[in-house]
Amino acid sequence: MNKFLDKVYPYTLFPLFAFPLLKENISMIFLGVFALFTIRYSLINKTKTIIKSNWLVFSIPFFIVVIASLLRGELVKNLGEINHVLLFLALPIFFFLSSDELFTKEKIVHYFKFLIYCCAVLIFIYILLFLVNHQFYELFATKYNSSLFRDFVYSKTNFFTIHPAYLTSITLFGTAFCIEELKARFSYLYLLLIILFFSFTFLLLTKLNIVLITMLILYSIFRYSKIKIIYKFSLVLLIAVVSIILIYITPGMMLRILEVINSLNTEPIGAAYDSTNIRKAIYTCDFLLIKENFWYGVGFSELKLELLNCFNENYQSDFYKNHLYLTHNYFIYVLLGSGIFGLISLLYFFYKSYSFLLNFKSLTIGVFMLNTLLMCMIEDYFYRQNGILFFLLILLSLFKFHSKYKTNLFDK
């Protein structure tokens, strides 16, 4: 039995990297399996159980919420908010205790490829499920200033429920990874994956990641292609033309662009609102609350209600009547939840994490870092499980590898 369990242990990490395909509670079951195998390994091999301080740095977001809740005497009241950051405690602990043999260069590359392939599979599943329920031409139809396909992905799938922002962040990571693999050796598979991820990002209308994936491809042509400069310019021009065409033909894309232009200076009134002026209203209330609560915040459990009160006082609209909004900026979320010291702690967490990641002089990791930072500025990125899982699985795998081998994973 022990030999069988030893053989199974190296495969317990793969289901965690399959999180885009899984419901959150199923991902947690697989985390529990990995944790049990890791505890067994730690007990048998008598590894050190006192976690090192350089690993505890990765748990800072968890401690921010817990300490702020304790200081306010709201620990029990904030259990729901603590649950949202529990992975920041659990993953560093179990990765620290786990076997170094799970994080060799070959195995980490396999983990990353598995994540990317899972994303590709999920894209095909979305398209197939959509075509089962809709006509093919509806793939290019619009609904409420958005594509019918995006609406289907976002709210009509019962099992595969990952937010488009997170999914396209992973496809952006996958695109950068495929580009680096193409640098080493040409492969039609990686080329097809890049085309798939590029097209799918447009279909989901995630504006930031559309800009990032387009810039990534253009940069890569100039930086890594060995063709003559005239052909580089021709290829860049072709991709620019294709991007412009996609902007015009992708359902809802032009509507989203026009929405930003027309609604940015328009307040939501009654039932006349859209994603742009709702987001502007959220940021307006964010900064109104910051002006009044800069030093100590309002508390994590009260944040949604404080924003709701602000909406009630400043907007005669229905957009907040049936939905409680968060800050749409994770830095502001922490500032309003815990005050300035919580924000400073979060910035220190990013400083330490990014200082380490800079050791890997890699396009993939550079794109990963930039995307995570920008997503935290426009979304409550670490409030959802998928955001934490994606960030920590990449970060901690690399940290575990570097702690043991002291080399660059991406050296070819």
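The figures that follow rest on heavy atoms only: side chains count, while hydrogens, waters and symmetry mates do not. Predicted, not measured: the structure shown is a model, and the values here were computed from it.
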Residue [X] excluded, over 12 heavy atoms near [atom1] under 6.0 Å:
| X | atom1 | result |
| --- | --- | --- |
| F331 | CZ | yes |
| F186 | CZ | yes |
| Y351 | OH | no |

- [ ] Measure the CG-CG distance between L216 and L363 for me, rounded to the nearest 0.5 Å.
- [x] 5.5 Å
- [ ] To the nearest 0.5 Å, tell me how far L205 CG sits from R150 CZ.
- [x] 6.0 Å
TODO: Evaluate the criterion ring-ring contact (aromatic ring centres under 6.0 Å, His included) for residue pair F356 and F360; output intermediate values, then yes/no.
DONE: CA-CA 8 Å; F356 162 70; F360 298 90; 5.4 Å; yes
Output yes when a side-chain donor or acceptor of [X] lies under 3.5 Å from a complementary backbone atom of [Y], and no otherwise.
| X | Y | value |
| --- | --- | --- |
| S42 | I39 | no |
| T12 | Y9 | yes |
| S317 | G270 | yes |

Please determine, by modelled atom types, if [X] and [Y] share a side-chain donor-acceptor pair under 3.5 angstrom.
| X | Y | answer |
| --- | --- | --- |
| D286 | N329 | no |
| N371 | S169 | yes |
| D380 | T327 | yes |
| N78 | S301 | yes |

Does [X] reach the side chain of [Y], with side-chain heavy atoms less than 4.5 Å apart?
| X | Y | value |
| --- | --- | --- |
| F319 | I269 | no |
| L129 | I125 | yes |
| L91 | L31 | yes |
| L398 | I365 | yes |
| F95 | F34 | yes |
| C118 | F17 | no |
| S362 | F368 | no |
| W55 | K400 | yes |

If you take the centroid of each ring, where Trp contributes its six-membered ring, are [Y] and [X] closer together than 6.0 Å?
| X | Y | value |
| --- | --- | --- |
| F103 | F399 | no |
| Y296 | F341 | no |
| F14 | H110 | no |
| Y325 | H323 | yes |
| F222 | Y224 | no |
| F63 | F88 | no |

Open item on the list: If the test is ring pair (Phe, Tyr, Trp, His ring centres under 6.0 Å), which one of Y383, Y381, F382, F391 qualifies with Y330?
Closed with: F382
Open item on the list: Tell me whether the rings of F149 and F152 are parallel (<30°), tilted (30 to 60°) or perpendicular (>60°).
Closed with: parallel
Task: Parallel, tilted or perpendicular, as decided by the 30° and 60° cut-offs, for the rings of H134 and F130 - done: parallel
Open item on the list: Tell me which one of H328, E379, E81 satisfies side-chain hydrogen bond (donor to acceptor under 3.5 Å, both in side chains) with Y333.
Closed with: E81
Task: Results of ring pair (Phe, Tyr, Trp, His ring centres under 6.0 Å) for Y273 - residues two or more places apart only - done: none
Open item on the list: Using salt bridge (charged side-chain N to carboxylate O under 4.0 Å, His left out), reason through D6 and K3 one step at a time and then give a plain yes or no.
Closed with: CA-CA 5 Å; D6 289 339; K3 288 183 178 179; over 6 Å; no
